[in-house]
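Okay, structure first, notes after.
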Amino acid sequence: MNPGRTGPKNLWGDRPAPAPGETQRLGIGPLTLWIKGAEGEVWLAHARTAAGEAPPSEPPEEGDWSRWAFHDVAHHLRILPTLPDRPLVVKPEHPFTLLRRAAARVYMRVPAWVRVEVVEDQGGRVSVLGETPTMHLSDTWWGDFQEGELAFWLPTMGRRELTPDLFDTHMVMSVIQLDNLSNDDLRVEKLALRVEHLSIYEKDGWLWAEETRVNYHGEDEGSEIHMDDEPPREAEGAREITPARAQKRSFRTRTFARLKALSGWGG
Amino acid sequence: MYGMLATLQASQTDGLGQWNLARLMADPGPLLRAALLIFVGMPVAWAVSRWVRSYVGRLYTPHKGLIVGKVVFWPIALILAVSVLNEVGFSLAPLLGAAGILGVALGFASQTSVSNIISGFFLLAEEPFMVGDVINVGDVTGAVLSIDMLSVKLRTFDNKMVRIPNETLVKAQFTNVTRFPIRRVDVPVGVAYKEDIGRVRAVLLDVAEANPNVLMEPAPVVMFSGYGASSIDFTFAVWAKRESWLAVKNSITEEVKRRLDSEGIEIPFPHVSLYTGSVTEPFPIRIEGGPPPAAEGDG
């Protein structure tokens, strides 16, 4: 899939650390990141811009910075995109019913987080300074009233068709292949994407995550999830730039919402 | 008790009792066996109870492991003690006789304690709460510090320790506030009758969406509660993680007030309107005694 344009170059990866007194500014979608150098220290600050607003040009006040002091050795910085550390709950653009024995492919844009690392020139020891979401995601609950897990609510809708306007600097294109292997129709109103098991790949400046294949076996048996170790076919040839947070594996879990579980009032 | 004293005195006379120091010195076999039971048996009993405690603690909860460990240790220790006494020739028969009478007396005296112990086992088996949970018992609310043989200890939020007998908990109704991972925060909201209900609902839902600790699902709900004496009443319900419940409760209440004020939506004081039967007619007043009121147009 060619979006028809190339993404930003030289945004991700290694870069020289700012000299003492020097401040670097990075714009990644709605997130503006400032990195300031000091003797034996690195300072970080960030700001997020609402849609339609111009990004700030000046760094924030002194009190809004985070400081890290480290061993005074030659080092450089590494800026990497990462995926959120919790599952994402997504609503397809329009809820649909996947007939039994049918399959569907859904594309989701996941707002990346930005990880800043300090890498020693000698030995390559890495210290993670922090991770900042490019977009604020609301908390949500994936489960029922008695058990479940905390997740992020993804405001971007899942799409059935991949179009060029979906690509953005701070968005990771994630592909879900749904296969209904049960004897029942599957109503897909929302689903949970286990992004903590996904790596990030880069091709032509755009970010991709590997394909997640969900095999639905029925409400009682749950879903079987497989995650590939390579970029999706739409991004063939992409290179991995950030490994997954958690070890990739196949597992059974609850992916589709129990439609009646969270009625929201007295349920 | 008389039987026990008689047994002890017999050692001095050599012939009446079984416990005879001289005989033990002549034939140290029983003494050695007794020493073996103490110095080998007790450490083994301790090691077995520790292993059981660790195993059960991993399988279930540390507290259950502790209880089961004690249940394993003390019977073994008692058997060892009886065996040691038996080896050295100490007769327990008189003691058992006295113990039988003592047992009856103790039984009457310890009814409550035994009831608490048995209630403790039921609490452990049923697991209505665990250490760390917050429970309401009557007018006491606190975090469970420990579930012991006789009682449960709570730490209240103003840092007092409350001891509740296990029997009380088995008999009484109590609420486990932190049993489930999410909780609902209910905020009563009353607005003036002149306000647009749809607009109020939209504003409240927007407040929920803007609060970082409010969960998107279960979805926030604005429920129309009824026509109050001074206001239209709603119950605004949002969900939060149990750890964030207090933060949400405090913040959402303030944010609702702030937002309603900024939107110009009135939160009325309790008030009563008096009408004579018609909204437009002035309320008639008659003054008894005193100078007559000035007519309209007078200076």
Side-chain angles (χ1 to χ4, degrees), chain A residues 30-31 46-48 50-51 84-92 95 108 110-111 113 132-158 187-193 195 254-267, chain B residues 126-130 132-134 175-189 197 201-202 204-226 233-252 255:
Chain A
L31 178 72
H46 70 272
R48 278 188 213 93
D85 57 359
R86 290 186 221 154
L88 296 176
V89 176
V90 184
K91 286 183 70 169
M108 293 199 306
V110 179
W113 288 17
T132 307
T134 55
M135 284 175 57
H136 171 74
L137 297 179
S138 300
D139 290 344
T140 190
W141 189 250
W142 183 253
D144 56 33
F145 293 104
Q146 296 186 39
E147 60 178 15
E149 55 188 319
L150 199 59
F152 283 123
W153 181 264
L154 191 60
T156 56
M157 303 300 180
R187 177 77 178 161
V188 182
E189 295 190 351
K190 56 178 180 279
L191 49 87
L193 182 61
V195 293
R254 184 176 45 209
T255 296
F256 299 100
R258 295 177 186 174
L259 300 178
K260 296 180 183 176
L262 292 177
S263 60
W265 185 261
Chain B
E126 193 184 342
E127 279 190 332
F129 53 82
M130 292 187 288
D133 280 343
V134 174
T175 305
N176 187 338
V177 170
T178 53
R179 178 54 169 252
F180 301 123
I182 56 175
R183 281 187 66 194
R184 194 176 74 198
V185 178
D186 292 343
V187 182
V189 177
I197 292 178
R201 191 187 303 273
L204 292 176
L205 291 177
D206 197 53
V207 169
E209 190 171 340
N211 189 303
N213 287 317
V214 169
L215 299 174
M216 295 296 290
E217 285 192 339
V221 174
V222 179
M223 190 174 90
F224 180 75
S225 298
D233 298 328
F234 297 92
T235 301
F236 177 37
V238 299
W239 288 84
K241 292 178 295 178
R242 64 179 167 215
E243 297 84 7
S244 307
W245 184 86
L246 189 61
V248 170
K249 185 172 174 61
N250 287 334
S251 61
I252 204 82
E255 287 157 16

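Note on naming: letters A, B, ... go to the chains in the order of the sequence lines (proteins, then strands), and numbering restarts at 1 for each one. What's counted below: heavy atoms across the whole structure, side chains too, no hydrogens, waters or symmetry copies. Everything numeric in this text was worked out from a predicted model, so none of it was measured.
No side-chain heavy atom of A/Leu150 sits under 4.5 Å from any side-chain heavy atom of B/Ile182.
What you find for A/Ser138 and B/Glu209 is that their closest heavy atoms are OG-O, 4.4 Å. B/Phe180 and A/Phe145 make their closest contact through CB-O, 3.6 Å (heavy atoms, listed as atom of the first residue, atom of the second, distance). B/Pro218 approaches A/Trp141 most closely through the heavy-atom pair CD-CB, 4.1 Å.
Between A/Asp139 atom CG and B/Lys241 atom NZ the span is 5.5 Å, to the nearest 0.5 Å.
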